[in-house]
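As the structure is a computational prediction, the values presented were derived from the model and not from experiment. Proteins get letters first, then strands, A, B, ... in listed order; numbering begins at 1 in each.
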Amino acid sequence: MAGQYWLLKSEPGNYSVDDLKRDRSTYWEGVRNYQARNFLRDSIKKGDEVFFYHSNADLAGIAGVAKVTSDGYPDPSQFDPKSKYFDPKSSKEKPLWYVVDIQFSEKFPAVIPLENLKKIKALEGMPLLQRGQRLSVQPVTRAHWKVIFEEFPGR
DNA sequence: GCCAACGTTGGC
DNA sequence: GCCAACGTTGGC
């Protein structure tokens, strides 16, 4: 199957696109929502591409692009009592939470603000733009992915 | 900091 | 299994 597209949210105060650019790669730890977990465990595959989204930021919006470099695997932080993501309900035999590895691809010269995305007719129906939606891992259709690059050629 | 929307927990 | 209470997310 051809590569799929996703949007991953991060609070830049916690981990920003600049952090990813510096690190070059990371694993997307700390997702503790079952719907998002299912995407990480079952759906996201090595080779997929993701928008790096800044949430809870001075300027909320899409900040860059990254590439997925692994399929989902158990989130190591859930087993670490010292981690803020530690989950005593999880076990190595039956892990609850998953991560994928991602690699830096591109930082946009300017964040594409959520506000601007909302104005684009062709993006209607995109999960990100739905009222009250707060899923931190979301699928992005190929059509929406393309529209965003077309609408913001210089980003 | 506010608060609406949503997810999770736990008593029954 | 219901649902109120509580906690979290995230835009503003």
Side-chain angles (χ1 to χ4, degrees), chain A residues 4-23 26-44 48-68 72-102 104-141 143-145 147-152 154-155:
Chain A
Q4 303 186 96
Y5 301 99
W6 305 89
L7 180 143
L8 300 182
K9 291 184 186 175
S10 184
E11 302 194 11
N14 186 35
Y15 196 86
S16 74
V17 72
D18 288 316
D19 293 322
L20 180 63
K21 188 176 180 185
R22 178 198 64 215
D23 296 344
T26 189
Y27 60 87
W28 203 260
E29 72 172 5
V31 170
R32 294 294 180 268
N33 167 283
Y34 285 103
Q35 204 182 341
R37 186 281 309 272
N38 292 344
F39 283 134
L40 290 172
R41 186 188 58 188
D42 306 329
S43 307
I44 300 188
D48 288 355
E49 292 189 273
V50 303
F51 284 130
F52 193 116
Y53 181 86
H54 281 177
S55 64
N56 234 338
D58 291 341
L59 184 60
I62 299 175
V65 178
K67 189 138 190 139
V68 179
Y73 61 93
D75 183 347
S77 67
Q78 68 194 307
F79 307 125
D80 177 3
K82 293 192 293 293
S83 168
K84 67 173 171 175
Y85 299 122
F86 176 65
D87 187 344
K89 294 195 296 295
S90 187
S91 68
K92 300 223 171 172
E93 295 71 35
K94 285 194 169 179
L96 282 176
W97 309 112
Y98 284 73
V99 295
V100 292
D101 293 334
I102 62 168
F104 176 81
S105 301
E106 176 183 359
K107 178 193 172 183
F108 293 164
V111 170
I112 301 174
L114 179 61
E115 196 187 343
N116 294 12
L117 296 172
K118 284 180 178 166
K119 291 178 187 156
I120 299 170
K121 193 90 174 144
L123 293 181
E124 268 180 20
M126 191 178 177
L128 179 71
L129 308 182
Q130 303 313 301
R131 171 192 181 80
Q133 100 67 37
R134 44 187 228 195
L135 196 57
S136 60
V137 177
Q138 304 180 2
V140 175
T141 65
H144 287 162
W145 181 273
V147 164
I148 287 169
F149 283 94
E150 284 161 10
E151 291 283 339
F152 303 94
R155 264 36 130 230

Task: Results of ring pair (Phe, Tyr, Trp, His ring centres under 6.0 Å) for A:Tyr98 - residues two or more places apart only - done: none
- [ ] Output every pair passing side-chain hydrogen bond (donor to acceptor under 3.5 Å, both in side chains) with a member in residues 112-123 of chain A, not counting sequence neighbours, ordered by first then second residue.
- [x] A:Lys121-A:Glu124
Task: Separation of atom CG in A:Asp87 from atom P in C:dT8, rounded to whole Å - done: 14 Å
Report each atom pair, protein N/O against N/O of nucleotides 9-11 of chain C, whose distance is under 3.5 angstrom.
| unit_1 | atom_1 | unit_2 | atom_2 | d |
| --- | --- | --- | --- | --- |
| C:dG10 | OP1 | A:Lys9 | NZ | 2.9 |
| C:dG10 | OP1 | A:Arg134 | O | 2.6 |
| C:dG10 | N7 | A:Asn56 | ND2 | 3.2 |
| C:dG11 | OP1 | A:Tyr53 | OH | 2.7 |
| C:dG11 | OP2 | A:Asn56 | N | 3.0 |

Enumerate, atom names and distances included, each donor-acceptor pair closer than 3.5 Å involving a side-chain atom of residues 89-96 of chain A, sequence neighbours excluded.
| unit_1 | atom_1 | unit_2 | atom_2 | d |
| --- | --- | --- | --- | --- |
| A:Ser90 | OG | A:Gln78 | OE1 | 2.6 |
| A:Ser90 | OG | A:Leu96 | N | 3.0 |
| A:Ser91 | OG | A:Lys94 | N | 3.0 |

Open item on the list: Please enumerate all residues that pass ring pair (Phe, Tyr, Trp, His ring centres under 6.0 Å) together with A:Tyr15, with sequence neighbours excluded.
Closed with: none
Task: Residues which pass side chain to side chain contact (heavy atoms under 4.5 Å, CB included) with A:Ala36, listed by chain and number, not counting sequence neighbours - done: A:Val31, A:Asn33, A:Leu135, A:Ser136, A:Val137
